[in-house]
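Read the structure below first, then the notes.
All chains are named by letter (A, B, ...) in the order of the sequence lines, taking the proteins before the strands, and each is independently numbered beginning at 1.
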Amino acid sequence: MTDEIRVRIAPSPSGNLHIGTARTALFNYLFAKKEGGKFILRIEDTDAERTKQEYIDNIFDSLKALGLNWDEGPDVGGEYGPYTQSERFDIYPKYAQILLDKGYAYECWCTNEELEQEKEEAVKNHKAYVYSRKCLNITPEQREQYIKEGRKPSIRFKVEHKELIFNDMVKGELKFDTSLIGDFVIMKSNGTPTYNFAVVIDDMLMKISHIIRGEDHISNTPKQILIYEALGAKVPEFGHLGMILAPDRSKLSKRHGATAVSDFVKEGYLTDALINFVALLGWAPSDSVEIKTVDEIAKDFRIKEISSSNSIFEYDKLNWMNGQYIKKMDISKLTDMIIPFLSDYDLSELSREKLEKMVEITREPLTTLKDIQKDVPYFFGEDVPLDEVKELLTTELSKNVLNKFMELAQKWDFTNEQELHDDLQKLRDDFKANFGYKPKETMWAIRAAVTGRTRGADMVGILTILGKDKVLRRIKNAMNLQVGV
RNA sequence: GCCCCCAUCGUCUAGAGGCCUAGGACAACACCCUUUCACGGUGUAGACAGCGAUUCGAAUUCGCUUGGGGGUACCA
């Protein structure tokens, strides 16, 4: 038999792809990449109530956007399909029957009420709840009786009492006393498998060799190992990752803001930055260069070096990282990505060339793509509101500067950036030499008149994008303000 | 209640007995650069949860305590 490395991510489509699931997917992907293995996607849609097609689509799209492409999955197929659990319902009873036949499992006819009672008893006695095995040795007569009553049995796995030890890839040796586990249900009375049973059967049949998942699954692991053993199957290697927590140290949930990858995208985060950031939660590069592509990370990835503790999801570093990616991104690509965030403006006012220019000169302070919205209103429309800069514009200084600008700019070429830059430079220098105006004061007057603001993008860039006519008109408007005072 | 996991600056982490007067990144603060905001640059401040034990020597090993997280289902 081959000992091919095969890992999987098995999200359940009861919501959009969670950032935590994305991180688990990433670590699986990295492991597969590093070890030359296969990365498999399986959809665990056993819970028909909560499953929605839109969630399935969202999971596919998000994973793809993050660059985590799978080798086998529901859409691309593969040798060990189907890769959607709901299409595998006929498989599980067969294996349950094998367990039944071998004596590793038995029927349980207990009602919910009976089970509830046992549980209450356990808490009262300060003991761990363990199923009583009431139905383990049931008489044929009793069984007949239950059937007559119309009861349907569930199937329980008979847990062998022993010390179970396994070596976790990230946490090291983990020990469990299986006598504390209790015989758990593997097939519900309605004929569908429970999670713990379905995963084992699927992972076994799909020949998954390494299971990397969140540590919320640690307590499932001994149960699953027991099933593998009972079936005489090879037990895979397990690795349990710490969880991602919200800043208040509780589980990351909707009340903390974005949780799904698609939420972050809507907020203006780049998937490249997101996946890079999430990789740094629990893993550190050996060369301390933190900005890296997934492929670069894969080369440097060693699963044993993943931190085994939980980590808190703080936006500060994500924001910084997103900004880094925005600064480095190709302008044309960035422009395409930014356009959806500019729906408040009439983009037809600007040529593609000018739009890209606008993006180029406004990208620097951005942390998210969405931030650009508030930075660009003055690139659109004829006039610009001057309320905020009224005081600044009515000073003696501004009056002088604007007058001079008006006079000189008539002759300037607004399509030549270099020339325009030099012209402005000269203007600043002259005012400094003749009137003692600080360069920034000179520029403030112009900026205020043209944009209605005291801060913003590079002035030369703004002037080129707006063009001479619009600029002069806005300057004139600002000067009218002065006359009125 | 019971079982399990975790514990280095505010946050993410480096650290696998002496290299640690504990390193880096983000955030904070200061200064520099500058046509503004920003970017960038240079600095400052900031941590081994506590207590015992092992050892010549402990952030690193062991135990306890405390704190945080997870599980405890015929959910996944």
Side-chain angles (χ1 to χ4, degrees), chain A residues 10-14 44-47 49-51 85 108 110-112 115-116 119 122-130 152-156 168 170-171 174-177 180-182 184-196 198-199 214-222 240 242-243 245 247 249-251 277 280-286 288-291 304-305 307-321 323-324 327 362-367 375 421 424-425 427-428 438-448 451 453-460:
Chain A
S12 82
S14 55
E44 305 213 327
D45 58 346
T46 310
D47 191 345
E49 293 285 302
R50 293 192 290 163
T51 295
Q85 224 163 38
C108 173
C110 291
T111 61
N112 283 140
L115 264 16
E116 275 312 312
K119 269 176 229 174
V123 234
K124 219 166 53 191
N125 296 329
H126 299 234
K127 289 244 174 74
Y129 166 65
V130 177
K152 294 254 187 289
S154 62
I155 297 174
R156 283 185 187 270
D168 191 277
V170 349
K171 295 199 185 278
L174 262 27
K175 283 185 199 168
F176 295 88
D177 177 358
L180 264 22
I181 292 177
F184 55 94
V185 173
I186 54 174
M187 291 295 287
K188 306 178 202 174
S189 52
N190 68 5
T192 62
T194 60
Y195 163 76
N196 274 125
V199 242
E215 71 176 25
D216 48 338
H217 283 287
I218 286 186
S219 54
N220 288 326
T221 309
H240 293 275
M243 323 250 19
L245 267 27
R249 288 169 197 280
S250 67
K251 222 166 163 181
F277 171 70
L280 260 21
L281 260 29
W283 175 84
S286 58
S288 79
V289 176
E290 298 189 317
I291 305 236
K304 281 169 193 68
E305 289 173 15
S307 156
S308 61
S309 48
N310 294 341
S311 41
I312 293 170
F313 191 102
E314 289 275 14
Y315 274 82
D316 282 339
K317 193 152 185 174
L318 206 214
N319 286 340
W320 166 77
M321 192 164 268
Q324 294 296 313
K327 276 185 262 298
T362 52
R363 90 211 278 199
E364 205 150 73
L366 302 182
T367 76
D375 291 342
H421 177 272
L424 275 174
Q425 177 88 54
L427 183 77
R428 284 199 294 274
K438 289 181 193 157
K440 66 173 163 187
E441 292 176 319
T442 305
M443 292 305 280
W444 260 331
I446 299 168
R447 179 180 296 279
T451 71
R453 300 177 167 203
T454 53
R455 36 162 111 162
D458 169 63
M459 220 32 237
V460 178

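A distance-only check finds a donor-acceptor pair linking the side chain of A:K171 to the backbone of A:S308 [under 3.5 Å]. Between the side chain of A:T367 and the backbone N or O of A:N319 there is no donor-acceptor pair closer than 3.5 Å. Under a 3.5 Å cut-off, the side chain of A:N310 and the backbone N or O of A:G242 do not form any donor-acceptor pair.
Taking the P atoms as reference points, B:rG43 lies 25 Å from B:rC48, given to the whole Å. Here, B:rC32 and B:rA38 have their P atoms 15 Å apart, quoted to the whole Å. Here, B:rG17 and B:rC26 have their C1' atoms 31 Å apart, quoted to the whole Å. With P as the reference atom, B:rC64 and B:rA45 are 39 Å apart, rounded to whole Å. The P atoms of B:rG68 and B:rA30 are separated by 35 Å, rounded to the nearest whole Å. To the nearest whole angstrom, the two C1' atoms, one in B:rU60 and one in B:rU54, are 13 Å apart. Atom name P, nucleotides B:rA22 and B:rG50: the rounded distance is 16 Å, in whole Å. Atom name P, nucleotides B:rG71 and B:rG15: the rounded distance is 29 Å, in whole Å.
Atom pair A:M459:CE and B:rA38:P shows a separation of 18 Å (rounding to whole Å applied). As rounded to whole Å, 14 Å separates atom P of B:rU35 from atom CD of A:E364. One can place NZ of A:K124 at 17 Å from P of B:rC2, the figure rounded to the nearest angstrom. Rounded to whole Å, the distance from CD on A:E305 to P on B:rC12 is 19 Å. Computed from coordinates, the A:M443 CE to B:rU35 P distance equals 8 Å when rounded to whole Å.
In this structure B:rA73 sits in no base pair that meets the Watson-Crick or G-U test at under 3.5 Å. Figure legend. B:rG17 is base-paired to no nucleotide; pairs are counted as Watson-Crick or G-U wobble with both atom distances under 3.5 Å. B:rU66 is paired with B:rA7 under the criterion used here, namely a Watson-Crick or G-U wobble arrangement in which both key atom distances are under 3.5 Å. In this entry B:rU61 has B:rA53 as its Watson-Crick or G-U wobble partner, both defining distances falling under 3.5 Å. Across all strands shown, the partner of B:rC29 is B:rG43, judged by Watson-Crick or G-U wobble contacts whose two distances both fall under 3.5 Å.
Residue A:D458 is classed as a base contact, given a heavy-atom separation below 4.0 Å to a base. Nucleic acid contact for A:K127: base, since at least one base atom lies under 4.0 Å from a heavy atom of the residue.
Here the side chain of A:H126 is nearest to one of B:rA38, B:rC39, B:rG1, namely B:rG1. Of the candidate nucleotides B:rC39, B:rG40, B:rU36, B:rU36 has the atom lying nearest to any side-chain atom of A:R447.
Proximity of the aromatic rings of A:F313 and A:F277 is defined here by a centroid distance below 6.0 angstrom, and this criterion is met.
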Protein-to-nucleotide contact annotation, 5' to 3' order, nucleotides 66-76 of chain B [B base; S sugar-phosphate only; - none; under 4.0 Å, heavy atom]: ---SSS-SBSB

Nucleic acid footprint by protein, nucleotides 22-27 of chain B - heavy-atom cut-off 4.0 Å, B for base, S for sugar-phosphate alone: --BBSS

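Between A:T451 atom OG1 and A:I446 atom CD1 the span is 11.0 Å, to the nearest 0.5 Å.
For A:Q425, the side-chain contact (heavy atoms from CB on, under 4.5 Å) test picks out A:H421, A:R428, A:D429, with sequence neighbours left out.
Residues A:N190 and A:T192 bring a donor and an acceptor atom of their side chains to less than 3.5 Å of each other.
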